[in-house]
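Within every chain, numbering begins at 1; the chains are lettered A, B, ... in the order of the sequence lines, protein sequences first and strands thereafter.
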Amino acid sequence: MAQPTFSTHVGMVDILPGEVEKWQALERIIHEEAKKFNFEEIRTPIMEQTELIARGVGQLTDIVSKEMFAFERGEDQYVLRPECTAPVARAFVEHHLEQRGGTQNLYYIGPMFRAEKPQKGRQRQFHQFGAEVIGADDPAADVDIIALMMSIYDRVGISNTSLKINSVGDPESRKAYTKALKNYFRPHLDDMSDISKERFEKNPLRILDSKEEEDQPFIEDAPVITDFLTEETEAHYARVKELLNELEIPFEEDPYLVRGLDYYTRTAFELISPDLGAQDALGGGGRYDLLIEEIGGQHTPAVGFAAGMERLFIACEELGIDLVEEEMLDVYIVTLGEEARTWGLKHLPKLRKAGLSASMDYIGRSIKAQMKDADRENARHVIIVGGNELAEGKFTLRNMKASEEDSYTFEDILNKLTN
RNA sequence: GAGCUCGUAGCUCAGCUGGUUAGAGCGCCAGGUUGUGGCCCUGGAGGCCGUGGGUUCAAAUCCCAUCGGGCUCCCCA
C-alpha cells in the first residue's frame with residue numbers, strides 16, 4: 001500500500017475502536033479486583049526524572065543502560081517511564097504517604113516505554129498494570145500481592161499459568177552468595193559464553209539467567225541462593241511458601257529465578273504462560289525493601305508486581321477467551337425527509353435521558369441505508385419517522401431482533417423501551 | 001544490537017520457473033425493493049504490487065539496498 005505521510009513510531013501501536021473494548025473490559029476487571037483487595041489507584045506522570053529511574057531500577061540493568069527514551073530540556077532530564085514501581089515509590093516519598101497511616105496499598109494501569117526491538121509481546125510503548133504494598137515487611141503482604149495478581153488472571157480466565165518463586169536474598173545473603181558463585185564459576189569460565197564472562201565481572205547472579213547452551217551444564221550444578229540466605233530471610237521465604245499453600249495458590253520454586261531489575265530483594269516471582277512464545281512472562285514482581293531508601297525516603301519495606309496487558313491479550317487469543325460482550329444500541333431513529341430529521345434530533349435527547357443509547361443518521365441516507373446502518377450498529381429497536389408518522393403522531397417501532405413492528409406514540413415507545 | 005523470514009485493494013490472501021488493461025473472498029457504496037436491515041442477485045469505487053535503485057525488449061515476479069511486520073537470540077511486560 002502507498003506510504004502514508006505519517007505513521008506511528010516503531011513499536012508503538014494505535015488501539016482502534018473495536019479493540020478498545022477489550023482494554024476497557026480488562027481495566028474494569030483490574031479496578032474491580034483491586035477494590036476487593038482494598039487497593040487504591042495511583043496515577044503518576046508518564047515522564048520522570050532520569051535519575052530516579054537510573055537509581056531506582058539500577059544503572060547496570062538493560063532497561064537503564066540501553067532502553068530509555070530520555071531527553072533534556074534546559075536543566076531538566078526527562079525520561080519516559082520504563083516501569084512504574086520507582087515512580088510510585090517516588091510519589092510515596094514525595095507526598096509523605098506514610099502519614100496516611102498503615103500500609104499503602106496502591107495499584108496502577110498505564111503505558112510504559114522501553115526502546116527495544118519490537119516483536120510479538122514486546123513493544124516500545126506497552127501497558128502494564130501493577131500493585132504495590134508499601135510499608136509491610138510481613139510475608140502476608142507478599143502473598144496478598146501475588147493473590148491479587150492471580151485473581152485478575154482468574155477473572156480473565158487464564159488459568160494454565162505457572163507461578164515461579166524464589167528468594168533473591170537480602171544484601172547480606174546476596175554478598176555471601178555472590179562470593180560462592182564466583183568461586184564456583186571461576187574455574188569453568190573459559191568454557192562458558194562471552195556474555196557469562198562479562199556478567200561474571202558485573203553481576204554474577206545474572207549468569208544464572210543465561211540461555212546459552214554451553215553455560216547450561218555449569219548452571220545446573222551452581223550453588224543456589226537459597227542455601228545462603230540469612231536465618232531471617234530464610235524464615236521469611238518459608239513463610240511466604242507456607243502462606244501460598246494455605247491460600248492454595250500453586251507455585252514452583254525456581255532457585256535460579258533472577259529478575260532484571262536491581263531493586264529486588266528477598267521474594268521474587270514470575271508468572272509464566274505457555275501460550276506466549278519467546279516472551280513468556282505475563283508478569284512478575286517481588287520485594288524491594290531498599291528502593292525507597294535508595295531514592296531518598298525512610299527505610300520502608302515494600303512488595304509489588306507488574307504485568308503486561310498486551311501479553312495478557314495474546315494469551316487470551318491463544319486460549320480463545322473473549323473479554324468483550326456484544327455491544328447493543330438501544331434505539332436507532334430512521335428518518336425520511338428534513339422534517340423527520342428535525343424530529344429525530346429533538347427526540348434523541350429524550351431517549352438518552354431515559355438511559356437508552358440512541359443514534360440516527362446524520363448524512364441524509366436512504367431508508368435502506370439507514371436500516372443497514374442500524375443493523376450494523378446492532379440496534380435493538382428502530383423508530384421509523386416519515387410523513388405519515390408525523391401527521392398521525394404515531395411512529396413505527398421496529399424490533400430488529402424479532403423483525404416485528406407496530407405504531408405507537410412517542411410516549412408509549414419511551415415507556416415500552418424503558419420497562 | 002545479531003540471525004532467519006515476509007511485505008500485492010480497508011481486511012485475509014491468489015498471482016507457476018519475468019510477457020498484453022493486476023485477481024478472489026470479505027468489507028464499503030449503489031441498484032434490484034419509488035418508506036424497511038440481516039439472505040440472495042447485479043453493478044461500482046478502491047492497488048504506479050512497502051520504498052529506492054539495478055538486470056532485461058519486458059519485472060508484482062530476478063538482484064541489491066532501505067523501511068516495516070513476524071520468528072529466534074539477548075532482555076523483559
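- Here, B:G47 and B:A60 have their C1' atoms 11 Å apart, quoted to the whole Å.
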Note to self: Show me the dot-bracket string of RNA chain B, counting Watson-Crick or G-U pairs under 3.5 Å, with | for pairs to another strand and [ ] for crossing ones.
What the structure shows: (((((((..((((.....[...)))).(((((.......))))).....(((((..]....))))))))))))....
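- Listed nucleotides B:G70, B:A77, B:G68 differ in distance to A:Lys120; the shortest reach to its side chain belongs to B:G70.
- The aromatic rings of A:Phe39 and A:Phe37 sit perpendicular to each other, their planes meeting at more than 60°, with 30° as the lower class boundary.
- Within 4.0 Å of A:Val382, counting heavy atoms only, lies no atom of the nucleic acid at all.
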Under 3.5 Å donor-acceptor pairs involving side-chain atoms of residues 320-331 of chain A, not counting sequence neighbours:
residue	atom	partner	partner atom	Å
A:Asp322	OD1	A:Val324	N	3.1
A:Glu326	OE2	A:Asn378	ND2	2.9
A:Asp330	OD1	A:Arg380	NH1	2.7
A:Asp330	OD2	A:Ser357	N	2.9
A:Asp330	OD2	A:Ser357	OG	3.3

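- Spacing of P atoms, B:G7 relative to B:C49, comes out at 14 Å, to the nearest Å.
- For B:C29, the OP1/OP2 oxygens have a side-chain nitrogen or oxygen of A:Arg376 closer than 4.0 Å.
- Comparing A:Leu271 and A:Gly11 against RNA chain B, the residue whose closest nucleotide sits nearer the 5' end is A:Gly11.
- Within 4.0 Å (heavy atoms only), A:Gly18 reaches no atom of the nucleic acid at all.
- Residue contacts shown for A:Gln370 are absent, as no nucleic acid heavy atom lies under 4.0 Å away.
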Next item on the list: For each nucleotide in nucleotides 30-35 of chain B, reading 5' to 3', give B when a protein heavy atom comes within less than 4.0 Å of its base, S when such contact involves only the sugar-phosphate, and - otherwise.
Entry: --B--B
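- A:Arg155 places no side-chain N or O within donor-acceptor distance of the main-chain N or O of A:Glu33, the cut-off being under 3.5 Å.
- Map A:Lys117 and A:His127 each onto its nearest nucleotide of RNA chain B; the residue landing nearer the 5' end is A:Lys117.
- Using P as the reference atom, B:G53 and B:G15 are 28 Å apart when rounded to the nearest Å.
- When heavy atoms are screened at a 4.0 angstrom cut-off, A:Glu310 is found touching no nucleic acid atom at all.
- To the nearest 0.5 Å, the span separating CD1 on A:Ile42 from CG on A:Leu97 amounts to 6.0 Å.
- No contact: A:Glu83 has no heavy atom under 4.0 Å from any strand.
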